[in-house]
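Throughout, a chain's letter reflects where its sequence line sits, starting with A, and its residues are numbered from 1.
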Amino acid sequence: MTTNEYDFTAIEKKWQTYWETNKTFKVNDFEAGKPKFYCLDMFPYPSGSGLHVGHPEGYTATDILCRYKRMRGFNVLHPMGWDAFGLPAEQYAVETGTHPAITTERNINRFRQQIKALGFSYDWDREVNTTDPGYYKWTQWIFTQLYKKGLAYMAEVPVNWCPALGTVLANEEVIDGRSERGNHPVIRRPMRQWMLRITEYAERLLADLDGLDWPEGIKEMQRNWIGKSEGAEVDFTIAGCDEKVTVYTTRPDTLFGATYMVLAPEHPLVTRITTDAQRTDVDRYREEAARKSDMDRTELNTEKTGVFTGAYAVNPVTGGEIPIWIADYVLISYGTGAIMAVPAHDTRDFEFAQTFKLPIVCIIEPDADEAAAEGVSVDDVLAGRACWTGNGRMIGSANSEGLDINGMAVADSMRVTTEWLAARGVGKAAVKYKLRDWLFSRQRYWGEPFPVIHMEDGSIRLVDDNDLPLLLPELEDYKPTGTGEPPLAKAGAWLDYTDPVTGAKGRRETNTMPQWAGSCWYYLRYIDPRNERAAFDTAKEKYWMPVDLYVGGAEHAVLHLLYSRFWHKVLFDLGYVSTPEPFQKLVNQGMILGLSYKDARGALVPMEKVEQRTEGAFHTETGEKLVEFPAKMSKSLKNVVNPDDVIREYGADSMRLYEMFMGPLEAVKPWNTKGVEGVFRFLKRAFRMVVEQPITDDPLDAEQRRLLHATIKKVTDDLDAMSFNTAISQMMIFVNGFSGNAKPLPREAAETFVLLLSPFAPHLGEELWERLGHDKTLAYEPWPEYDEEYLKVDEVEILVQVLGKPKARVMMPSSADEETMQRLALEQDAVREALDGKTIRKVICVPNRLINIVAN
RNA sequence: GCCAGAGUGGUGGAAUGGCAGACACAGUGGACUUAAAAUCCACAGGCGGGUGAAAUCGUCGUGGGGGUUCGAGUCCCCCCUCUGGCACCA
């Protein structure tokens, strides 16, 4: 076995077996005297196509950190599991007749084997699987907790129905009117569905973002998604009847400019206030709007449409009557579903008013400078010919009942108006969120069954905790029914329920939970994965939580991360978890793009049609010269890189190292297999350096010691900052310095280097450690320390600049003071020449760096 | 349209306001070899001048334009391009 070849296949197999049989990475709860470090990867959906190179990117980063933290004395929790419910397995089942449970198991086995081949230091005893009844028992239990707390309810809601998938989708799963998965058309349709009251947590989900160490961009996306706005609700009475309409506005101060009102077509008041003369038009418009999908409603946003109801509302500040219209640019689902239109100062209202010739009254005189900068004529705005949404001075905004906000600044005028309205009982300050309640049911087979029974008397009963898990029934036919009825409606006897005591009958819920359910709390199950009495032990939870580092793709910025935070807060309120937030620090790894080329038109060319010649890449058919243009890996472009191939060719350590060497973890980076060869060469050199060069016990010389300690410092600092690429560069510099034909290698340098390298290339690290004469794993060896003293050098090259231009480079003692530096600099011929005939005005000395002489 | 993030050699990328291009990839030249692979050594931003060839030298250069500074890839203002997200949310 001991050869002087870098036989990565044998080495990697040997150490993977060693770690597995010795349970090297088994982690104990409550390890005394060690700080804890909970490091979490977003667990994968085990698809049929196996791991792609994007998966190991984040996993490698966390694995390096975990190995580093162990060596720094931390008790590290680093688990892995499977997010295995979901649509692809079910669709595959429909197509091939293979039960999803079978496909899922097969895919999981493949994923596990591929992940293990990369040598990650997971504690495999803590593996979880969301489709395991022992796991989803507790997903169902959490649902019952939500229900008991009043956070789960059923409602008839207009949903995103996808006929092709035979299911409804959450708003977040619909992109431009099509399904996120599969890109099928989605239409709106009312259905009775389970909803979760995430809106009740909107304020806390927003406020608690501030304390999280997450990328600013992700936090901002969540803030935008929650979409808090502050304003006022204002009541308008309807002329000639007892009804009133409440509108929501963020600008109550513009009430004097409200010249009409618009209700969403679905607003319940529309039928009651519409006059007979207008009824035909209104009904027709409402029907059209109902048929339109969200996509149609937003796509056609160039032209405003609407219909007059024939009714009038009374403006509470002016007493004037304003016409009430309906238009689909007002959404029933936001605010109160009704707005007061201020066309002079709102672009949408302005467009609508122009289309339908409605009055436009200016009540903000634009700030002259700002208007000029925007290219807007103040006269046009004052005359109602142009819209002004910028700053200005309130005008024409006073009434005879004590409200006068003319000339006030915006903040004041809003406050005064709201107070005036509140005093008369016709308005109040209000806060609104864009966030909607979470549509939580799906018409699918492969998901967690709801632990719910619909009793014959119409009541809803939860399955008793002792009867959980409610197992998903075996079905022959899990095709969607097409009617919106879920596949579980075909489950026969499974559906029937009879109360063992009273004999009351009921039918089980046939919807299943969305894929997000299982992933909402998996990080808690890792803490105590085999607990049969509880989802997790609270003492263990208290020990491990919160997650110290969570790494995954940015595609989960709002969905998974918002849902998880919501469930966590509910569990927190119920006393089951000890922290208000689950994930203290979050890092998003960037996507890895595939190598691809585009032609002169900019069209991407599949890799099979690209021919490499010495002068570059060419199209095999047209002969056209192509330019490199990295693109998302896809089957159609034939640029997908399979980790198995890379491991076979170069080994897992090279794969790991390359993924980290490509660039910053967060950046989007193109894959280039040539780059793997580069790090592979580095590992081979490192191997030969330790194995072939004679190891001596001689002390290091000053230069060697400096390089060794500089490397410890750089690698340590870079690991703390997660700058893996520059840490690897430094190790390359180290090897460039120490390797060489038969050059003696001091033992201290060899051992230290192996320890530094081991988190990155753990198999090679262990192998070299063993060859250096150690008989047990290096996984818990103390991390090397550096000494600043050794980093110092006696002499440094100082750049001498004259007027900022480099003129000379001079070796100077590193301790040289400013006077010495200046004296030595002025001795240089080139410097004297440059200063000839000039007077020195100023000398800037940067110790150990440069000296700049300013003269004229 | 709005909100983030990013633009540096042929390529990936590096650089507490202090010599831009570390470290790699691709490339070129050389050594070893019957040959290739592997390995090792050297060169390597553009332009110009220079030379047998070099060194040396000059000059331009971090998306574009301004500014602050002795000094800007880095800080400030404006603009352009790309990527991601949101999008009639009153």
Side-chain angles (χ1 to χ4, degrees), chain A residues 5 175-176 215-225 227-229 231 247-251 254 262 264 297-298 300-302 304 327-331 333-342 345-349 351-352 432-436 554-555 557-558 588 590-591 593 595 614 616 627-628 630 658 661-664 666-679 681-682 684-685 688 723 725-733 735-736 739-741 797-809 841-855:
Chain A
E5 280 298 303
I175 294 163
D176 290 340
E216 233 3 87
I218 300 289
K219 289 208 263 187
E220 201 53 33
M221 275 162 74
Q222 292 218 349
R223 285 189 193 107
N224 291 339
W225 193 263
K228 182 179 183 174
S229 78
V247 303
Y248 174 68
T249 176
T250 52
R251 292 294 301 272
T254 61
V262 186
R297 278 172 73 148
T298 54
L300 304 170
N301 65 14
T302 41
K304 292 276 185 293
D328 63 7
Y329 83 92
V330 174
L331 309 174
S333 49
Y334 182 77
T336 60
I339 62 151
M340 62 175 207
V342 185
H345 308 292
D346 181 288
T347 333
R348 297 153 302 185
D349 297 343
E351 283 168 15
F352 191 82
K432 300 286 174 194
Y433 302 89
K434 282 198 258 179
L435 185 71
R436 316 282 162 82
E555 65 272 22
V558 280
N588 292 121
M591 201 185 355
L593 302 176
L595 179 65
T614 38
V627 294
E628 210 174 296
Y658 175 61
F661 187 60
M662 288 170 86
E666 301 87 343
V668 177
K669 307 166 282 278
W671 179 272
N672 181 0
T673 300
K674 287 286 182 194
V676 187
E677 288 177 23
V679 295
R681 276 201 279 270
F682 160 68
K684 274 198 289 190
R685 294 184 71 193
R688 282 200 311 269
S723 302
N725 54 333
T726 48
I728 295 167
S729 295
Q730 183 61 38
M731 290 189 282
M732 288 174 167
I733 292 169
V735 170
N736 289 345
S739 76
N741 202 11
E797 190 187 71
I798 300 294
L799 176 76
V800 183
Q801 294 181 335
V802 175
L803 285 164
K805 298 243 183 225
K807 289 295 168 195
R809 289 159 186 83
R841 299 291 173 197
K842 194 173 175 185
V843 177
I844 293 107
C845 275
V846 183
N848 290 320
R849 289 243 179 220
L850 59 72
I851 174 164
N852 188 8
I853 300 163
V854 185

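- Contact annotation for Gln801(A): base contact, defined as any heavy-atom pair under 4.0 Å involving a base atom.
- Whole-Å rounding puts the Glu220(A) CD to C2(B) C1' distance at 11 Å.
- Because its glycosidic torsion is more than 90° from 0, G63(B) is reported here as anti.
- Pair assignment for G27(B) gives C43(B), based on Watson-Crick or G-U wobble hydrogen-bonding distances that are each under 3.5 Å.
- Gly227(A) comes within contact range of no nucleotide atom at all, as no heavy-atom separation falls under 4.0 Å.
- Note on Arg223(A): every side-chain N or O is 4.0 Å or more away from OP1 and OP2 of C86(B).
- Put simply, Lys684(A) has a side-chain N or O that comes within less than 4.0 Å of OP1 or OP2 on U39(B).
- For Asn736(A), counting side-chain heavy atoms from C-beta on, the closest listed nucleotide (A24(B), G18(B), C3(B)) is A24(B).
- Comparing the same atom, C1', in A26(B) and in A15(B) gives a spacing of 23 Å after rounding to whole Å.
- As rounded to whole Å, 16 Å separates atom C1' of U11(B) from atom CH2 of Trp671(A).
- Counting distance only, with no hydrogens placed and no angle test, the side-chain atoms of Gln730(A) and the base atoms of C23(B) include no donor-acceptor pair under 3.5 Å.
- With distances taken from any side-chain atom of Ile844(A) to the nucleotides A22(B), A90(B), G18(B), the minimum falls on G18(B).
- Side-chain contact, Tyr329(A) with Asp349(A): a donor N or O sits under 3.5 Å from an acceptor N or O.
- Distance, Arg685(A) CZ to A38(B) P: 15 Å, rounded to whole Å.
- Residue Lys842(A) places at least one side-chain N or O closer than 4.0 Å to OP1 or OP2 of C70(B).
- Atom C1' of A20(B) sits at a distance of 47 Å from the matching atom of U34(B), rounded to the whole Å.
- Residue Asn725(A) is the one, among Asn725(A) and Asn852(A), whose nearest nucleotide of RNA chain B lies closer to the 5' end (criterion: closest heavy atom).
- Val854(A) has its side chain within reach of Leu803(A): a pair of non-hydrogen atoms, C-beta onward, lies under 4.5 Å apart.
- Note on Lys432(A): nothing from the nucleic acid sits closer than 4.0 angstrom, heavy atoms only.
- In this structure G50(B) sits in no base pair that meets the Watson-Crick or G-U test at under 3.5 Å.
- A straight line from CD of Glu797(A) to C1' of C19(B) spans 8 Å, rounded to a whole angstrom.
- The separation of C47(B) from U11(B), taken at their P atoms, amounts to 15 Å, rounded to a whole angstrom.
- Contact check for Asn736(A) versus Arg685(A): side-chain heavy atoms found under the 4.5 Å cut-off.
- Computed from coordinates, the Ile728(A) CD1 to A22(B) P distance equals 17 Å when rounded to whole Å.
- Mapping Val846(A) and Glu677(A) onto RNA chain B by nearest heavy atom places Val846(A) closer to the 5' end of the strand.
- Put simply, the side chain of Gln222(A) does not reach to within 4.5 Å of the side chain of Lys219(A), judged on heavy atoms.
- For the pair Thr726(A) and A22(B), the criterion of a side-chain N or O lying under 4.0 Å from OP1 or OP2 is not met.
- Across all strands, Val668(A) comes closer than 4.0 Å only to sugar-phosphate atoms, never to a base (heavy-atom distances).
- Distance check on atom C1': A4(B) versus A87(B) gives 15 Å, rounded to whole Å.
- Residue Arg681(A) places at least one side-chain N or O closer than 4.0 Å to OP1 or OP2 of C25(B).
- Lys674(A) comes within 4.0 angstrom of the backbone, heavy atoms only, and of no base.
- Within the shown strands, U83(B) is the pairing partner of A4(B) under the Watson-Crick or G-U definition, both distances less than 3.5 Å.
- Residue contacts shown for Phe661(A) include a base, since a base heavy atom lies under 4.0 Å away.
- Donor-acceptor pairing under 3.5 Å, judged by distance alone, is present between the side chain of Arg809(A) and the base of C19(B).
- Taking 4.0 angstrom as the limit, Tyr329(A) places none of its side-chain polar atoms (N or O) nearer than this to OP1 or OP2 of A90(B).
- Backbone-only contact: Pro664(A) has heavy atoms under 4.0 Å from sugar-phosphate atoms and none from a base.
- Counting non-hydrogen atoms under 4.0 angstrom, Asp349(A) reaches nothing in the nucleic acid.
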